[in-house]
Amino acid sequence: MYYAACGFKSTFAKKTENIMAWLKKISALLFIAFPFFAICGSLPDSITPPRTVYFRFDDFDFFPAALSIPDTSLAGFHNYLRQPGNLFKNLGNPGTPVQGYFYSPPVFKPVYGSEGGFEGYRYSQSAAPVYDTRIPYTDLYYALGSKRVEYLDIIHAQNILKPFGFGVHYNRFAGVGYFPRQGTEFVNAVAYDYYRTRDGLYGILASFYLENYSAEENGGITYDSLFEITPASQWTTVETNIQEAEGRMRSTGFALKQYLNPGRRLPTGDTVHGKPLTLISPFFRIVHSLNYERVKRSYSDLIPNFDYYLILFPVNDTVPVWDTSTTRKFDNALSFIIPPVNDSGRTRYSFSAGVEQKNYFLVQNDLLDTSLSSILLNTRLAAGSGERLSGTIDAHYVISGSGRGRYSTGAILDYSLQRLAAVISLSGGWMEYAPPLQAQVFLNDNISWRNSFRKITCGSGSVSVNSATLNLHLTAAVNSFSNPVYYASYSAIPDQLDQDIMVTRITLKKDFSAGRWNFLNLAVWQDVAGPEIVHVPRWLFKQSTFYENRIFRGALNMQAGIELFWFSAYYADAWMPFTGAFYLQNDTKTGNYPFLDLFLNLKIKTARIFLKAEHINAGLTGTKCYLAPHYPAQGRIIRLGINWRMYE
């Protein structure tokens, strides 16, 4: 099993191995028997899926909550992890540190933000789904593949009476990879519950989560040219730069949000248990929220290769290579919200204002203890005229503490073209924010730094067109920076640029169909003006072609196709496991290599299944298939996945 192969010991490893072996057998049987189920399912379907919706954690204080329906479509169902085709690069094995292929503008950090290769897998409290369901709802997702890849995702939610609901979400991934010391494992576990009074006067939502990540580090392969002539069957013996290194991250946290709706009581004409039901028509809403997070990161190398670390610190074979840090964040916020108001049935507007206290604590290697605190004000105004025009303006300003004077402003204007079911959006903003704290201060026996970096300023603007009728999405965006911070190519440690840079990106997504054939197309063009401290490929292209049909008298929905992902050659950032950050390099180019996948997606009633062959062109279209410098992509691999939604 994975634990033994990768060195992650567990007292119940054998039991887990037996369970997973049985699951694999059951999965294979389900796949073989699927056509039989489809034929049986061609009979009239008397099961009507119940009303199950979900909203995001941050939407709990909206009027009304922004509700979404669980996705049951087959489009993209076979892409279940952050893989190259999802516009994220990893270090050759899913679960290893990731970095985006296209430039993503920063978000406002009033105190100090976090960074690192694991951030792409982090649990987002604000995006956590909260389910509201009439009857118990369970969603099971299991996938497996060669190289002991296993993925398990479980969701269960139910309401006790109507005003009270709870749910749990468990997610786990593990895999050993193609090359030595490439094993990964991550686990996310979330539990939440909420309560809302029947009249809408009061509501409370609480959530708790736990994350645990482990990734073996090999520092990349030692000789690229030797790898390129090595048969895939011998990849497990390829020499790597480091042999006994491992990175870990463990995170726990909780969040609480509650609201109060002062207002008039209005009778509805309905009754509950024989009593008349009244609802609150709120004058305004008061929202209080708490967020706490504790993150511990560690890195250790038991047999260090100091030639590999030479770029970072001088050779010192008497000091072990290790690092550990613990951060704690505590946010406390109070908001005042005026719900959407109609003026003569044409103008709609809403307003919110609030104050938030942010606290940030850092303990690094038991030597550095830093505490930061800030108080900031935020406000938001949203308005709309008729059915066509709407806009939003928001602002944040730090009034005291660390980062005093930093701010963020932004505006979005949407115009609807109803005949084309299209929306034209204009957005712009400006902000001053803080570099990550690790870039400011780092204290270790091997290397340390203390930087007094200036605040970073960023201006942004974009225009986009989205049309449901034309299946078209077009965006042109520009970001301009002053004093950006980066990890330098000559040292792999943080530095700050005294010049300005500008990043331009144009994204075009156009889908179309011809009969039963579907063509999904995504193209991205990027350009960096000024000193190249942002390395991104100039071109990216993703194309999916598949045949879709309903068979067995319409009971079984099927998609079968091929997916292509390609990006132009560029100097991709290198990975430094000791600091947990990507840094610039100008020696090795990656890219200009196609990745081809074959997939088959099936759906019957509430069950979905996929069979996927990834990187089918491995060894056929060249051997320079790197995702990051000295980190080749995985070889040809087969994956099987099953998703089953159960309504009890």
Sequence neighbours excluded, which residues qualify as salt bridge (Lys or Arg N to Asp or Glu O under 4.0 Å) partners of [X]?
X      : answer
Lys509 : Asp511
Asp573 : none
Asp132 : Arg196

So which of Tyr141, Phe599, Phe546 actually passes ring-ring contact (aromatic ring centres under 6.0 Å, His included) with Phe77?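 That would be Tyr141.
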
What residues, two or more places apart in sequence or in another chain, satisfy ring pair (Phe, Tyr, Trp, His ring centres under 6.0 Å) together with [X]?
X      : answer
Phe254 : Tyr292
Tyr631 : none
Tyr194 : none
Phe336 : Phe284

Test of understanding: with side chain to side chain contact (heavy atoms under 4.5 Å, CB included), list the residues that count as partners of Ala613, not counting sequence neighbours.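 Leu598, Ile616, Ile638.
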
Between [X] and [Y] (salt bridge meaning N to carboxylate O under 4.0 Å), is one present in this structure?
X      : Y      : value
Arg172 : Glu185 : yes
Lys257 : Asp58  : yes
Glu614 : Arg639 : yes
Glu150 : Arg148 : no

Check side-chain hydrogen bond (donor to acceptor under 3.5 Å, both in side chains) between [X] and all other residues, then give those that pass, not counting sequence neighbours.
X      : result
Thr324 : none
Asn332 : His288
Tyr131 : none
Asn171 : Tyr151, Asp153

Any side-chain heavy-atom pair from Asp139 and Asn643 closer than 4.5 angstrom?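 They are in side-chain contact.
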
Are any non-hydrogen side-chain atoms of Asp331 and Asn359 less than 4.5 angstrom apart?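 They are not in side-chain contact.
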
Mutual orientation of the aromatic rings belonging to Phe578 and Tyr299 [parallel < 30°, tilted 30-60°, perpendicular > 60°]: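 Correct class here is perpendicular.
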
When the ring planes of Phe595 and His615 are compared, do they come out parallel, tilted or perpendicular, using 30° and 60° as the limits?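 Answer is tilted, since the angle falls between 30° and 60°.
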
